[in-house]
Each structure stands twice: as C-alpha cells, then as structure tokens.
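Presented below is the structure to which this report refers.
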Amino acid sequence: MSPAPVEADPAQQVLHEVFGYTAFRGRQREIVEHVAAGGDALVLMPTGGGKSLCYQVPAILRHRAGQGVTVVVSPLIALMHDQVGALDEVGVPAAFLNSTLDGDEARRIERELLAGRLVLLYAAPERILTPRFLAMLESLAERDRLALFAIDEAHCVSQWGHDFREEYLGLSALHERFPQVPRMALTATADAHTREDIVARLKLEDARRFVSSFDRPNIRYTIVEKDEPKRQLLRFLRDEHEGDAGIVYCQSRKKVEDTAAWLSAEGIPALPYHAGLDAETRRRHQDRFLREDALVMVATIAFGMGIDKPDVRFVAHLDLPKNIEAYYQETGRAGRDGLPADAWMTYGLADVVNQRRMIDEGEADEEFKHLQRGKLDALLALAEAHDCRRVRLLGYFGERYGGEDDGDDDSGAVPRLRCGNCDNCLAPPATWDATEAARKALSCVYRFRQQGGQRFGAGHLVDVLRGKQTDKVAQYGHETLSTFGIGADVAESQWRGVLRQLIALGHLRTEGEFNTLELTASAREVLRGEVQLLLRVPAETPRRGRTARTRGSADKPPPLPLDEAATARFTALKAWRGEVAREHNVPAYVVFHDATLAEMARERPQTLDDLAGISGVGAKKLEAYGEEILRVLRQGA
Ligand code: ADP
Ligand code: ZN
C-alpha cells in the first residue's frame, strides 16, 4: 500500500485518512478548526448536514494532541450504539455508557476512560450528571485530559421544542464545574426561539454560532389533496418507491396499525410503531427498520428521533403534522445520504377541522392556543400554496432561498423564486380567484341559520351550493334558498378548498360531533368582499395506468446509474456487507454506505490503492476489508 498523499492540513488529513472522505461539506471545516482550537460553538445544521464529523474530527485532533477525551451528550441509546459501532469500524477508540451495560462492562469502560485511551465517550445526560460520573470528569480535568463537551440534539434543552428533556437542563453544570473545557452544542432545529433557549440554558452566550442553510436540496416536497388517502399512498409507493425504505406518519395508534396491516396485505413490507406497543416490540421493529433495506415503518411521531439511517428514501404524512417545525423535522429524516428523496403529504378538510379542534379543546391557556393556531395557519398556508414550497419553508425559518428567479413572471411584482424540486415548481398549479365563491359559501351558511335555525356540515353545504337534489335538501326545503345552485360552476374539490381556507383563516368554524359549520365574527369581512382569496385548482387525481405525475420511475434520477455487470457487482457487495454487518452487530450502512458500494461497483478498483480513492474508504476499512472487497469484485464480475 502506498502512503496516503501528504496533507499539510491536519483536519483534512483526518477526514481523508480516518473517514475516507475527500472534502468537508458546507461549514464543517470552519467548525472543526474553531473547535479543535478550543473555541465554543453552537452548530445549527439540517439533518444529514454532517454534524457528527463536526465533533468527531476535533475529538481526534485534540486526542492526538494529548488533550484527552471528548464527551458526547446524546439522548438516545440506539444512536449511541450506532455511532460507536461506526467509529469502531473506522478504528477510532470510542465507547458509550448507558443503562444497557452490565456493571462489569461499565467498569471496564470507566477504566479505559480514566486511562485516557478513549477518543470519544457517549453518554446520556442523566448519566453524566451522576456524582460518580462527575467525579471521573474531575479526575480527567485535573490532568487536562478533558478535551471537549459535545452536546448533541441540543434543542432537547428547550421547553419550546417538541423533544424537551428535563435532564438536559442540568447540563449547564458542565460549564460551571469545568469552565476551561470547550463546549459545542449541535441541533437540526431551525427556529429562532429554540436557538435562543439553547444559548441561554446552556450558557453559550460567548460561543461562536455556525448557522448553515437549512435547505435540503435532495428532498422533493409534494402535498396532495386527500382523496382516498390509502390508495393515494399505495400509488405513491408503487409508482415511485418500489423496494425503498421509508416512513409513513399517521396521527393515531389505530391508524398506524390499520395502515401497516393494509400495506403488508398489499405486498409492501411494513411494520407499525407507536408508544402503545411494548418496549420489546418497538425495539424489534426499529431494529429491523435500521437493518433491512426495504422496510416501510408506519408510525406515530413517537418514532424517528435519533434515527440516522441514511437511506430513508421517503417520508409520507397521511395526516397533517402539528406545525411547520414538526413537518420539517419529520420530513428531514428522508435522504440523509444526499441522494434523491421524497417528502409526500396528503391532507384534507378533516385534518384542518381536527387540528383546530384539538387546539380549541386543549388544556392550554389562551395565549398558547393563540400561538398554536398561528402555527397551524402557517402550515395550512404551506399546504395550500401555489408557489414554491421550499421558498416558503425556508422563509418560515427566516432564511431567504437563493434559487432561480421565475423568468416569466410578467406581473411586474417581486420575482418569484423557485427551487425546481417541489410539486409546485415541477408542475405549477393553476389558480383561481375564490373571493366570490367564499362569499357565496358564507352567505349560504347564514341562510341555513336564518331559515330554520339549523347548522349543517361541509358536505351538505357543497350540495346546496352546487344545486344537488338530495334527500337532505328535500327534507329541509333547501332548494328554496336563494343560495341553492349559485355555485354549480365550481367543482366539488374546489369548494372543499374554499372551505378549508375559510376554516384555516378563521372565518368559519366547526362545532360538535358532526362538525357543523358556523360563521365567526370575521366572516363579515369576507361577505363585504374585503378578503381576497386566490386558491390553487386542485390537481385531478391521476388514475391508475395514467400517471399524471411529472416523474415516473423512468425519469427519476437514478441514485445508482449502474450497468448490468456493475449491478451484479453491487448486489454481490451488498450481500458481503450484510454478512459483515451481522457479524459485527451493526446496521449495514455502518460498514459502508450504498453510495460507497455503488462507486466500487462502477469503478471496479483492481488494487488497494485504487480502492483507497473511493469516497467512504478510510485507512482502517481499507486494511480490514480491502482484500475481501477486491475478491468480491473479481468474483462478482
Ligand atoms: P447529521 O447528524 O447532521 O444528520 P450525519 O453526521 O449523520 O448528519 O451525516 C450525514 C451523512 O453524511 C453521514 O452518513 C456522513 O457519513 C456523511 N458525511 C458527513 N460529512 C461528510 C463529508 N464531508 N463527506 C462525505 N460524507 C459526509
Ligand atoms: Zn419549489
């Protein structure tokens, strides 16, 4: 084996030699250099941005410089396990301390720690704050062998966010007891409020902030109107994600169970996951999801945090998430490996009604409810948007998207930006002026009240507006209303869009178990024509066999452009990887990513030297697996 190219820059050298990567991504280099030199840092980077390397590379550099161990605070046991497994694969001495270890193992690791042999130690916050652990840290600190504290998933310290963990609050003690040890906090949560919470609670006022773009360019956003949600989901999975791993989010446990069973019956391997399942079942399902290639996890939001499986190809929402923060975090679990991935959601009137009601009937005080309603409105605006979803998403987080201007905008207004990778950019929806329709709908609700003092639901309202002769219409004599049939020219799906908007904007609200409609005080503004509504024309649901989508599987950018022979090699490599992963008790991607295997299959390295040039092959993996891989490649060819 020839010596690795000489690299003057030690960070670059570690990246290359240990991890087998050729270049830092985004702001990684700046962060690594700042932290390796002993600076404090707050790192905000989207999921998949590469946060781990931001503390792992400094940890290695500082350990090499004799500065001791980096302690990583991590909230999740599964995650610690995989991270340590991955570090083990690249030859970096690392360990975790958590409740899964028995006493002997824990003591062995403590000895390693105190002897200075570990480069990284992962532990849960509650562990770190025990007197025993703090005493060990004291002992290390006295000898200047405490290199760095890295606080991962730092948003857990904020009550504002959705993952608040009480134990995180105690972490300010680290700064108080070890003021000389540099600290970094990392999170993928983008909103400003959470960010300020992290700074205040972890006392990181003086830390340098590294805020990356939160854009996930490889994720394609699509939001469709709910029609037959299960069928729509099935079509999406069959048309675009045959044989892919992905997550389907549902709101209730029952729906999770039903959907998982239904998908399985349709021949799509799927497992349920929700907090009502016992711990053992949850663990088993999560394990299979991490380890298998093509499993669909149908889950409530109980599933997902700390899942760093890189090849999740889609995240589908069958129900509306709580707000944009949740939507972004959940969809962010797709495509961590940078290859094309989908965020797909179906939503409808019932979602809007349910979410509104959950807020209204919740225990929270009025101020909090007001805030939640505002957040829901922002999400609905995203769902109903007829312009670029990405521009809106990033705008919500205070980031201006730097995409292309929409050249043919002839309105003379501010040019619209577009990303080219969301449903609205790929197939711009037509819009229609629904101002008049909204007035008609509201005055019809008003007439119902006036005529018989009764309230009705959305279905009946649309029937009356469209002039449909139903039993109910006859029963209540609604064909005599002045509003009967005044909206026959507007399609039913368009009416549903109008009602969603009116409810979302708070001009209409629903009541009681039948979700009957009622005007609010602000309805008057709409009736007076003061509120202009510009809505998207709902896309016609594509029927089977006539794919109206812009992307069939044919023009989907193939993640692995391999010819037949290379595909055979790729398959052989995957089989080999599966064996290694089982033997080492780690997920397959910890051994090598798909992208790395694909490059091997395509490039067909003949020598260890050639192999070292493939991204993802570091010195340790080259030594451990090099000969084996070359053998598999020769045989697979
Ligand atoms: P995050 O924790 O920010 O979600 P990870 O640290 O898990 O992201 O990184 C996401 C993926 O990107 C990982 O599989 C990692 O190996 C890979 N990665 C990170 N940085 C680089 C880089 N500079 N070059 C190549 N791959 C990288
Ligand atoms: Zn777009």
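Read the numbers this way: they start at 1 and go in the same order the structure lists the ligands and their atoms.
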How far is atom 8 (O) of ligand 1 from its nearest protein heavy atom, and which residue and atom is that? G50 N, 3.2 Å

Go through the steps for E384 and Y347 under the test side chain to side chain donor-acceptor pair (under 3.5 Å), then give the verdict. CA-CA 10 Å; E384 300 281 357; Y347 94 112; 2.4 Å; yes

So is there a nitrogen or oxygen of S52 less than 3.5 Å from a nitrogen or oxygen in ligand 1? yes

Any atoms of ligand 1 less than 4.0 Å from a non-hydrogen atom of L53? List them with their elements. 19 (C), 20 (N), 21 (C)

Give me the residue, atom name and distance of the protein heavy atom closest to atom 23 (N) of ligand 1. A23 O, 2.9 Å

Can you name the one residue among I128, V71, L121 that meets side-chain contact (heavy atoms from CB on, under 4.5 Å) with L97? L121

Under the criterion side chain to side chain contact (heavy atoms under 4.5 Å, CB included), I'd like the reasoning laid out for E603 against I614: C-alpha separation, chi angles, the key distance, then a yes or no. CA-CA 9 Å; E603 301 298 321; I614 302 241; 4.1 Å; yes

Considering R336, Q56, K51, R25 one by one, which has a heavy atom nearer to atom 12 (O) of ligand 1 than any of the others? R25

What atoms in ligand 1 come closer than 4.0 Å to a heavy atom of T47? 4 (O)

Using distance alone, decide if ligand 1 has a nitrogen or oxygen within less than 3.5 Å of any nitrogen or oxygen in Q28. yes

Ring-plane angle category for F96 and H81, please: parallel below 30°, perpendicular beyond 60°, tilted otherwise. tilted

Do the side chains of E225 and R500 get close enough for a salt bridge, i.e. N-O under 4.0 angstrom? yes

Between R195 and D197, is there a salt bridge with N-O shorter than 4.0 Å? no

Please compare F19, Y21, F24 and report which has the shortest non-hydrogen distance to atom 25 (C) of ligand 1. Y21

Under a 4.0 Å heavy-atom limit, does P46 contact ligand 1 with its side chain, its backbone, both, or neither? backbone

Among all protein heavy atoms, pick out the one at the shortest distance from atom 10 (C) of ligand 1; state its residue, atom name and that distance to 0.1 Å. G48 O, 3.7 Å

Hey, does M45 come in under 3.5 Å of ligand 1, counting only N/O atoms on both sides? no

Any chance you could measure I247, atom CD1, to I307, atom CD1, to the nearest 0.5 Å? 7.0 Å

Only one of W344, F236, Y327 forms a ring-ring contact (aromatic ring centres under 6.0 Å, His included) with H317, so which one is it? Y327

Quick one: angle C425 SG - the Zn ion (ligand 2) - C422 SG, to the nearest 10°? 100°

Taking the six-membered ring of F592 as reference, does the NZ or CZ atom of K621 fall below 6.0 Å from its centre and within a 45° cone about the axis? yes

Distance under 4.0 Å to a non-hydrogen atom of H593: what atoms of ligand 1 satisfy this? 13 (C), 14 (O), 16 (O)

